[in-house]
J.: 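First the structure, which I've put down as structure tokens, then a few questions once you've had a look.
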Amino acid sequence: MTATDGPASQLPQSERERAGPSDLIPFREALRTWFAISLQTFGGPAGQIAVMQRTLVEEKRWIGQQRFNHALSYCMLLPGPEAQQLAIYTGWLLNGTRGGLAAGTLFVLPGVVALLALSALYVGFGATTAVTGLFAGLAPAVVAVVAQAVWRVGRRSLTHPLLVGLAVASFGALALFQVPFPVVIVVAGVAGWLIARWSPGVFKPAAHGSGDDGPAPLISDDALHHERPSRGRTLRILLVGLLLWAVPVAAVAVLTGTDSVFTTQGLFFSGTALVTFGGAYAVLAYVAQQAVQTYGWLRAGEMVRGLALAETTPGPLIMVVQFVAFLGAYRDPGSLDPWAAALLGALLTTWVTFVPCFLFIFLGAPYIERLRGNRHVSSALSGITAAIVGVIASLALYFAEHTLFSTVDDRTFGPLHLGMPEFTTFRPVALGIALVAVALIFRLRWSVLRTLGVCAGLGLAAALAGLTGS
């Protein structure tokens, strides 16, 4: 049967009248549900996916577990935040194109508003004792949060010595040789495909619980969406998507000049949107390197603070790029007022970062609906996932160095590029807060948000005691 056969007819007459031709549930109910989900999306992609699974699979029974896993597998192959793309995919399954647009937009909207407010607070009051203390506590906590990400992804992904080798190689390529992030991802995907050809037993299929105890889901695992792939549909979506993506960047280039900070940010973050495999943690090492060392939009310590802010707001962690753009545009506003420039830079960056997510899903979902268990695709994904462990580990090292030491010098020894901390600038208070965060997350299994709250309090206490510089 198709996705519009059967389940839609089970709705009450009044609800069917409010539903569009491609709606499996009333659109207003979908909006309420997606908005409720968006307010709970703290703690990174694992937490965000868990919220959607609990709400959509277990509580509302709108989608079956296997179907949910199939959509997630496709989203993990794509660059960009997989949790938001999963929301777009599921919204498309339930309510067609407008459902995907609504789900994806609502998923990020609360985080955009919250991070804009926090970025403005940082710029306006970042030098005060209270704000300095809060960030002095948040930055060491982020080191523990990133370390937890390494542990979680590694435990799930590195099931064979060859995969461990891929992770170590990716870590060395980024941390020691500064190989471009996109190159690491492409090589890892090819390596995964080759390993699967030479030794198929390396990639063991993940076991999934059925998760389907209870009433039958609205969308069964075997149902196909009514919207079939076609060349005409693909060309229409590609044209509209590329125009929506490119026109704002072209507009700022015409209005502010091709060498303005807005044009540079629009082009740079459009590029990163195409290589953000593995989520925010993976690409942040590349973003931090370029934003700090190449463009000078912010300092290394501020990159850590930006991630701390993104951790405290709902939505994808890649939203930290909005903070990066806000600071960069505020400090190089051109002819604009600094606050107007900061707002323009932040919103433009948010636009070029998330518009591709909708394009990828609307283009590929009808094809993926008719694709099951492609071994070549899954093996390439497994290789990328293994490399992501090393990428996140390099990010953890970068953050730890710039959090625990006031000064880190870049040293070059032939092809090696090392960050060497100045040991006389060691910060014992930061180490103490980081150890507290590690204990709370790993030993007591506290949530990220709760841990950040405690560490922010410790940083504020240290600032009031005059210890933030030690």
J.: Please report the shortest heavy-atom distance between A191 and L166, naming the atom on each side.
T.: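 Reported closest heavy-atom pair: CB-CD2, 3.8 Å.
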J.: For the residue pair M52 and I37, establish whether any side-chain heavy-atom pair is separated by less than 4.5 Å.
T.: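 Side-chain contact under 4.5 Å: yes.
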J.: Report yes or no: does T425 contribute a side-chain atom to a donor-acceptor pair with the main-chain N or O of E422 at less than 3.5 Å?
T.: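 Yes, the answer is positive, given that a donor and an acceptor are paired below the 3.5 Å cut-off.
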J.: Decide whether Q322 and T349 meet the rule of one side-chain donor and one side-chain acceptor closer than 3.5 Å.
T.: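 On atom types as modelled, these side chains do not qualify, holding no pair under 3.5 Å.
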J.: Taking A400's backbone N and O only, do any of them form a donor-acceptor pair with T403's side chain (distance below 3.5 Å, no angle check)?
T.: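 Side chain of T403 to backbone of A400, a donor-acceptor pair under 3.5 Å: no, none is there.
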J.: Taking it one step at a time, do T424 and S406 satisfy side-chain contact (heavy atoms from CB on, under 4.5 Å)?
T.: CA-CA 9 Å; T424 58; S406 300; over 6 Å; no
J.: Any salt bridge linking E302 with R331? Criterion: basic side-chain nitrogen under 4.0 Å from a carboxylate oxygen.
T.: yes
J.: Can you tell if the side chain of D259 reaches within under 4.5 Å of the side chain of T264, non-hydrogen atoms only?
T.: no
J.: F326 and L115: side-chain contact (heavy atoms from CB on, under 4.5 Å), yes or no, with the steps?
T.: CA-CA 10 Å; F326 191 99; L115 196 55; over 6 Å; no
J.: What do the steps show when you test T263 against S260 for side chain to side chain donor-acceptor pair (under 3.5 Å), and what is the final call?
T.: CA-CA 5 Å; T263 304; S260 71; 3.1 Å; yes
J.: For the atom pair CD (Q85) and CG (L78), what is the distance rounded to the nearest 0.5 Å?
T.: 5.0 Å
J.: Got L174 and V391 here, is their nearest side-chain heavy-atom distance under 4.5 Å?
T.: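 Yes, at least one pair of side-chain atoms sits under 4.5 Å.
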J.: For a quick test of reading the model, state the closest non-hydrogen atom pair linking P316 to Q84 and the distance between them.
T.: CG-CB, 4.2 Å
J.: Could you grab the distance from atom CD of Q265 to atom CH2 of W297, nearest 0.5 Å is fine?
T.: 5.0 Å
J.: Are the aromatic ring centres of F323 and Y122 under 6.0 angstrom apart?
T.: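 Yes: the rings meet the under 6.0 Å criterion.
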J.: Taking G315's backbone N and O only, do any of them form a donor-acceptor pair with Q48's side chain (distance below 3.5 Å, no angle check)?
T.: yes
J.: Find out whether L101 and W92 are in side-chain contact, i.e. whether some heavy atom of one side chain is under 4.5 Å from a heavy atom of the other.
T.: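 No - every pair of side-chain heavy atoms lies 4.5 Å or more apart.
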J.: May I ask you to test the C357-P81 pair for a side-chain heavy-atom distance under 4.5 Å?
T.: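 Heavy-atom side-chain distance check passes, below 4.5 Å.
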J.: Determine, stepwise, if the pair F269 / V324 fulfils side-chain contact (heavy atoms from CB on, under 4.5 Å).
T.: CA-CA 10 Å; F269 288 112; V324 174; 4.1 Å; yes
J.: Going from CG on L404 to CD1 on I433, what distance comes out if it is rounded to the nearest 0.5 angstrom?
T.: 10.5 Å
J.: Where is the tightest heavy-atom contact between A273 and F360, given as atom of each residue plus distance?
T.: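 What the structure gives for the nearest pair is O-CE1, 4.3 Å.
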J.: Side-chain contact, heavy-atom cut-off 4.5 Å: V408 with M420?
T.: no
J.: Calculate, to the nearest 0.5 Å, the distance between atoms CE and CG belonging to M303 and L298 respectively.
T.: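 One gets 6.5 Å once the value is rounded to the nearest 0.5 Å.
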J.: Rounded to the nearest 0.5 Å, how far apart are OH of Y330 and OG of S119?
T.: 12.5 Å
J.: Describe, in one word, how the ring planes of F268 and Y286 are oriented to each other, choosing from parallel (under 30°), tilted (30 to 60°) and perpendicular (over 60°).
T.: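 It falls in the tilted class, 30° to 60°.
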J.: So, do V146 and Y398 sit near enough that their side-chain heavy atoms are less than 4.5 Å apart?
T.: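 The answer is no, as the side chains (C-beta and beyond) never meet within the 4.5 Å cut-off.
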J.: So which atom in V164 and which in L158 form the shortest heavy-atom distance, rounded to 0.1 Å?
T.: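 Where V164 meets L158 most closely, the heavy atoms are CG2-CB, 3.9 Å.
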J.: Is F35 atom CZ crowded by more than 12 heavy atoms from other residues, nucleotides or ligands, each under 6.0 Å away?
T.: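 For F35, atom CZ is not crowded (no more than 12 foreign heavy atoms under 6.0 Å).
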J.: Roughly how far apart are L39 CG and W34 CH2, rounded to 0.5 Å?
T.: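 Rounded to the nearest 0.5 Å, the CG-CH2 separation comes to 13.5 Å.
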J.: Pair Y367, T234 - check side chain to side chain donor-acceptor pair (under 3.5 Å), show working.
T.: CA-CA 10 Å; Y367 296 94; T234 298; 2.9 Å; yes
J.: If the condition is side-chain hydrogen bond (donor to acceptor under 3.5 Å, both in side chains), which residues does R197 pass it with, not counting sequence neighbours?
T.: none
J.: Going by side-chain hydrogen bond (donor to acceptor under 3.5 Å, both in side chains), name the residues that satisfy it together with Q53, two or more places apart in sequence or in a different chain.
T.: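 Partners of Q53 by the side-chain hydrogen bond (donor to acceptor under 3.5 Å, both in side chains) criterion, ordered by chain and then number, come out as Q65.
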J.: Check step by step if side-chain contact (heavy atoms from CB on, under 4.5 Å) holds for F262 and L336.
T.: CA-CA 11 Å; F262 312 106; L336 297 180; 3.7 Å; yes
J.: Looking at W446, I'd like to know if its CH2 atom is crowded, meaning that more than 12 non-hydrogen atoms belonging to other residues, nucleotides or ligands lie closer than 6.0 Å.
T.: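 Atom CH2 in W446 is packed in, count exceeds 12.
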J.: I need the minimum non-hydrogen distance between A387 and A188, along with the two atoms involved.
T.: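 In terms of heavy atoms, the two residues are closest at CB-CB, 3.4 Å.
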J.: Restricting to non-hydrogen atoms, name the atom on T97 and the atom on F362 that form the minimum distance, rounded to 0.1 Å.
T.: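 Heavy atoms only, the tightest pair is O-CZ, 3.6 Å.
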J.: Got R427 and F405 here, is their nearest side-chain heavy-atom distance under 4.5 Å?
T.: no
